[in-house]
Amino acid sequence: MTVVELRPHPAKFSDAILEVLQSTLDAESRRHQRHLRVLDPMAGTGKIHELAGATTLGVELEPEWAAYHSRTVVADATALPFSDHAFDAAITSPAYGNRMADAHEAKDVYKTGPRAGQLTDRITYRHKLGRKLSPNNGGGLQWGAKYQELHLRILAEMVRVTAPGGLVVVNVSNHIRNHREVDVAGWWREAMVRTGLLVPEQDVTVPTPRMRYGQNHGARVEHEWVFVMRRRDETVCRPQVR
Ligand SMILES: C[S@@+](CC[C@H](N)C(=O)[O-])C[C@H]1O[C@@H](n2cnc3c(N)ncnc32)[C@H](O)[C@@H]1O
């Protein structure tokens with residue numbers, strides 16, 4: 001038996017986001033009047049499993065993060081190992097294409113605050129994982145064409161495995177690059193609508209927790225987004241995991 005070492009994760013769902021997801025799920029359970037099957041195709045440490053009132057399944061590319069929870073499997077979200085319409089909801093948070101995607105071993109030091117002069121925590125996917133990310137990991141892509149291409153494939157898979165009438169939910173945020181706000185969230189919302197299969201139900205904003213120190217201290221966006229969209233066609237499909 002191979003034992004996988006757990007590694008810290010740089011970008012888990014915050015409690016505030018989990019609250020939004022829980023109330024979305026509660027409303028959905030009332031609507032369907034039955035237990036729901038929920039997939040997080042980029043589950044990280046598996047915070048999705050903290051949601052109550054649903055059977056949750058996670059998919060995560062990196063074994064060191066998947067191993068946090070027994071209901072998270074190691075797989076690639078660009079090729080989900082599930083049949084069409086297998087879930088009532090696909091809920092996830094992708095990487096944001098920001099500096100967390102940096103792959104180099106930066107030697108930045110805090111310029112201000114009580115830790116001035118000390119090496120920064122280097123809150124990147126690469127650094128927290130402790131090795132190179134696997135191919136197809138969106139956490140290694142800076143905002144741009146490659147980021148978009150990979151995430152369009154993941155989005156298409158999320159739509160494929162969601163039953164008609166079910167929900168596709170994405171939590172995402174903009175970020176500041178070169179003193180300008182990069183509209184990653186706007187791109188996600190448009191990409192979801194452009195699938196032609198998703199109808200926006202709710203755009204929720206949640207205040208972004210602020211970092212107290214570090215390079216981007218004071219250069220944070222005000223809030224992140226949760227986009228809740230319903231898959232077209234009310235046909236009832238029996239959820240089944242392959
Ligand atoms: C923003 S984090 C999600 C964190 C998660 N919500 C939590 O609470 O721990 C995005 C995750 O997607 C994973 N990921 C990126 N590309 C992936 C892919 N192609 N297939 C599966 N997982 C992927 C990354 O490894 C990372 O853990």
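In this chain, numbering begins with 1 at the start of the sequence shown.
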Side chains of H35 and T55, donor plus acceptor under 3.5 Å: yes

Test ring pair (Phe, Tyr, Trp, His ring centres under 6.0 Å) applied to H32 - qualifying residues, sequence neighbours left out: none

Check: Q33 side chain, R30 main-chain N or O, donor-acceptor pair, under 3.5 Å: yes

Interatomic distance, D183 atom CG to E190 atom CD [nearest 0.5 angstrom]: 9.5 Å

Side chain to side chain contact (heavy atoms under 4.5 Å, CB included) assessment of L129 paired with H9: CA-CA 7 Å; L129 187 62; H9 194 284; over 6 Å; no

Joint hydrophobic cluster, L6 plus L133, side-chain heavy atoms closer than 4.5 Å: yes

Any side-chain heavy-atom pair of L18 and K47 under 4.5 Å: yes

Side-chain donor/acceptor of R7 to backbone N/O of K128, under 3.5 Å: yes

pair L167-D88: side-chain heavy atoms closer than 4.5 Å: no

Closest contact, heavy atoms only, T92 versus F13: C-CZ, 4.1 Å

Contacts of S29 that satisfy side chain to side chain contact (heavy atoms under 4.5 Å, CB included) - sequence neighbours left out: L36

Salt bridge (charged side-chain N to carboxylate O under 4.0 Å, His left out) assessment of E157 paired with R160: CA-CA 5 Å; E157 279 292 86; R160 179 184 69 75; 2.7 Å; yes

Pair E60-Y68, side chain to side chain donor-acceptor pair (under 3.5 Å): steps then yes or no: CA-CA 10 Å; E60 166 59 45; Y68 273 90; over 6 Å; no

Nearest non-hydrogen partners of R177 and G97, listed with the distance: NH2-O, 3.5 Å

Common cluster, V221/V172, ILVMFWY with side-chain heavy-atom separation under 4.5 Å: no

Cluster overlap Y96 with V169, hydrophobic side-chain contacts below 4.5 Å: no

Any E224 side-chain heavy atom under 4.5 Å of T205 side chain: no

Within-4.5 Å side-chain heavy-atom neighbours: V206 and H223: no

Criterion side chain to side chain donor-acceptor pair (under 3.5 Å) on R99 and Q142, from CA distance to verdict: CA-CA 7 Å; R99 294 293 305 272; Q142 306 284 343; 5.5 Å; no

Side-chain touch V73/V59, heavy atoms, less than 4.5 angstrom: yes

Side-chain donor or acceptor of D40 paired with backbone N/O of G58 under 3.5 Å: no

Main-chain N/O of G196 paired with R232 side-chain donor or acceptor, under 3.5 Å: yes

Distance, nearest 0.5 Å, that separates OG of S70 from NE2 of H49: 7.5 Å

Any donor-acceptor N/O pair, R230 side chain to P164 backbone, under 3.5 Å: no

In one Ile/Leu/Val/Met/Phe/Trp/Tyr side-chain cluster, 4.5 Å: W188, V193: yes

Euclidean distance, E28 CD relative to R34 CZ, rounded to 0.5 Å: 9.0 Å

Pairwise distance CD(E201) to CG(L198) - rounded to 0.5 angstrom: 10.5 Å

Sidechain-backbone polar pair: S14 side chain, I17 backbone, donor-acceptor under 3.5 Å: yes

Taking every non-hydrogen atom, the tightest pair across A191 and L152: CB-CD2, 3.8 Å

Plane angle bin for W225 and F227 - parallel if under 30°, tilted between 30 and 60°, otherwise perpendicular: parallel

L25 versus A54, closest heavy-atom pair with distance: CD2-CB, 3.8 Å

Aromatic contact, H175 with W143 (centres under 6.0 Å): no

R71-T56 side chain donor-acceptor pair, cut-off 3.5 Å: yes

Spacing of N98 atom CG and L141 atom CG [to the nearest 0.5 Å]: 12.0 Å

Smallest separation among heavy atoms of Y147 and G138, with atom names: CD1-O, 4.5 Å

Between D102 and T124, a side-chain donor and acceptor under 3.5 Å: no

Candidate pair V74 and L61, rule side chain to side chain contact (heavy atoms under 4.5 Å, CB included), full reasoning: CA-CA 5 Å; V74 178; L61 197 54; 5.9 Å; no

From L197, V168, V228, residue fulfilling side-chain contact (heavy atoms from CB on, under 4.5 Å) relative to M192: V168

N178 side chain vs R180 backbone, donor-acceptor pair below 3.5 Å: no

Any donor-acceptor N/O pair, T78 side chain to I154 backbone, under 3.5 Å: no

Check: L39 and I91 side chains under 4.5 Å, non-hydrogen atoms: no

Validation row: V199, M229 side chains within 4.5 angstrom (heavy atoms): no

Straight-line distance of D233 CG to H85 NE2, nearest 0.5 Å: 8.0 Å

hydrophobic_cluster_shared for V161 and V38, side chain cutoff 4.5 Å: no

Closest approach of T72 to G46 (non-hydrogen atoms, all atoms of both residues): OG1-CA, 4.3 Å

Distance-only donor-acceptor check, side chains E62 and Y125, under 3.5 Å: no

Salt-bridge contact K146-E149 (side-chain N to carboxylate O under 4.0 Å): no

Heavy-atom check, side chain of V226 versus side chain of V170, under 4.5 Å: no

